[in-house]
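Working notes, beginning with the structure itself.
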2 protein chains.
Amino acid sequence: MAKKKAKQRDCDPRPVRLPDDACAEELAQLAWAVAHPARVRIMRLLSDRETCVCGEIVDELPLAQSTVSQHLKILKESGMINGEIDGPKVCYCINSEKLRTLKDLVAAF
Amino acid sequence: MAKKKAKQRDCDPRPVRLPDDACAEELAQLAWAVAHPARVRIMRLLSDRETCVCGEIVDELPLAQSTVSQHLKILKESGMINGEIDGPKVCYCINSEKLRTLKDLVAAF
DNA sequence: ATCGTTAATCGTCGATTAACGATTAAGAGA
DNA sequence: TCTCTTAATCGTTAATCGACGATTAACGAT
C-alpha cells in the first residue's frame, strides 16, 4: 500500500486542517453537549414545554442550582440553546439551527 | 404554581427511575461515544470504507497506537462498533443497530 | 434605599479523560 | 522454535469534568 505511513513522530507540523477534521470537531463538540444525562434532560424539557423555562429546570433536576447553571452554560456555549434575560429570570430555549446541525451530522453516519 | 418545590435537600431518596431517566442515560452514553474528534473520525472511516479496517485507523489518525486502541475500546464498549479477530489483526465495523438507536434518539429531540 | 428572588460565577475537591511509551499477548510465517 | 507483526493492556501524567457551597450581580417590589 505504502500509504502515508508517517508516524508523525518528530517534527510533523501537520498544520493543515482538512474539512473532514473541522467537521469531526463540530460533531464531537455538539455530541459532547448532550453527552450527559442532565443535559439531555434539559434539552428534553426545553423541547417539551413550549415555554422557555428558566429556573424551573433546577426544580426538575436532582442537582444543585450552581450545577444546573454550569450545564446550561455548556449548552449555551455549544450553541444548542439560547438564554434570554427577562427581569431577574432567564428564559432558555433550544436553538433549532444548531439542533438541526447535530441531527444532520449524526444522520450522516 | 406550587409545583413540587422539593429542593431535594435533606432526605430525598429519589430511588425511582423514570423511563425518561433511563432514556436520557442511554442517549448521553451514546452521544458521549462520539463526543471526541478522534472517535468521530473512526466512525467516519468505518462508515466510508466498506471493508472493516483494522489498524489502518492508526495510520489515519495523528495519534499513538495505544491511544487509538483506547478510543476503539470506548466505541466498542458503547456498542457502536464491533471488533472481529482475524489472525493477528482485528477488523472493526459499525454496529448498525446501535447507530440507528443513536440516530433515533437524537432525531427525537 | 433596602430587601427578596433569581441566576451566574468563584473556589474547591475528587473522579475521570486523554495522551503517551513500554510491555504483553496472540498469530503467522520462516 | 524463533521472529515479526498486530493490537490490547499497563502505568503514568496532565488536564478536564462534575458536583457542591458560598458569593456576587441584577432586577423588582416594597
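Proteins come first, then strands; the chains are lettered A, B, ... in the order of their sequence lines, and each starts at number 1. Values below: all heavy atoms of this structure, side chains included; hydrogens, waters and symmetry mates excluded.
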N/O donor to acceptor pairs below 3.5 angstrom from side-chain atoms of residues 66-85 of chain A, sequence neighbours left out:
residue, atom, partner, partner atom, Å
A/His71, ND1, A/Arg39, NH1, 3.0
A/Ser78, OG, A/Leu75, O, 2.8
A/Ser78, OG, A/Met80, N, 3.3

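Here the P atom of nucleotide D/dT6 and the CD atom of B/Gln65 are 11 Å apart, to the nearest Å. Taking atom CG on B/Asp86 and atom C1' on D/dT6, their separation rounds to 11 Å, with Å as the unit. Straight-line distance from the NZ atom of A/Lys76 to the P atom of C/dA7: 11 Å, rounded to whole Å. Protein atom CD of B/Gln29 is 17 Å distant from nucleotide atom C1' of D/dC17, rounded to whole Å. Taking atom CD of A/Glu56 as the reference point, atom P of C/dA7 lies 9 Å away to the nearest angstrom. As rounded to whole Å, 13 Å separates atom P of D/dC27 from atom CD of A/Glu84. Going from atom CD of A/Glu77 over to atom P of D/dG18 covers 12 Å, rounded to whole Å. C/dA7 atom C1' lies 16 Å from atom CG of A/Leu75, rounded to whole Å.
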Apply the test side-chain contact (heavy atoms from CB on, under 4.5 Å) to residues A/Val58 and A/Leu63: give CA-CA distance (whole Å), side-chain angles for both, the deciding distance (0.1 Å), then the verdict.
CA-CA 7 Å; A/Val58 175; A/Leu63 295 170; over 6 Å; no

Using side-chain contact (heavy atoms from CB on, under 4.5 Å), reason through A/Leu102 and A/Leu27 one step at a time and then give a plain yes or no.
CA-CA 7 Å; A/Leu102 172 60; A/Leu27 173 48; 4.0 Å; yes

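In the set C/dC20, D/dG21, D/dA7, C/dC20 carries the atom at the smallest distance from any side-chain atom of B/Leu63. Side-chain proximity of A/Ala64 to D/dG21, C/dA8, C/dC20: nearest is D/dG21. Counting only heavy atoms from C-beta on, A/Lys89 has its side chain closest to C/dT6 among C/dT6, C/dA22, C/dA8. Picking from D/dA7, C/dT9, C/dC20 the nucleotide with the shortest atom distance to the side chain of B/Ser66 gives C/dC20.
Across every strand in view, C/dC10 sits in a pair with D/dG21 that passes the Watson-Crick or G-U test at under 3.5 angstrom. Of all nucleotides present, only C/dT5 satisfies the Watson-Crick or G-U wobble test against D/dA26, with each distance under 3.5 Å.
Between B/Lys89 and B/Glu56 no salt bridge is recorded (no basic side-chain N to carboxylate O distance below 4.0 Å).
Inter-residue side-chain proximity for B/Val53 and B/Tyr92 is flagged as unmet; no heavy-atom pair is nearer than 4.5 Å. Side chains of B/Lys103 and B/Arg100 form a contact here, defined as non-hydrogen atoms less than 4.5 Å apart.
The SG atom of A/Cys23 lies 5.0 Å from the CG atom of A/Leu105; values are rounded to the nearest 0.5 Å.
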Output one line per pair: protein atom, nucleotide atom from nucleotides 11-18 of chain C, and distance, for all N/O pairs under 3.5 Å.
residue, atom, partner, partner atom, Å
C/dA18, OP2, B/Arg39, NH1, 3.4

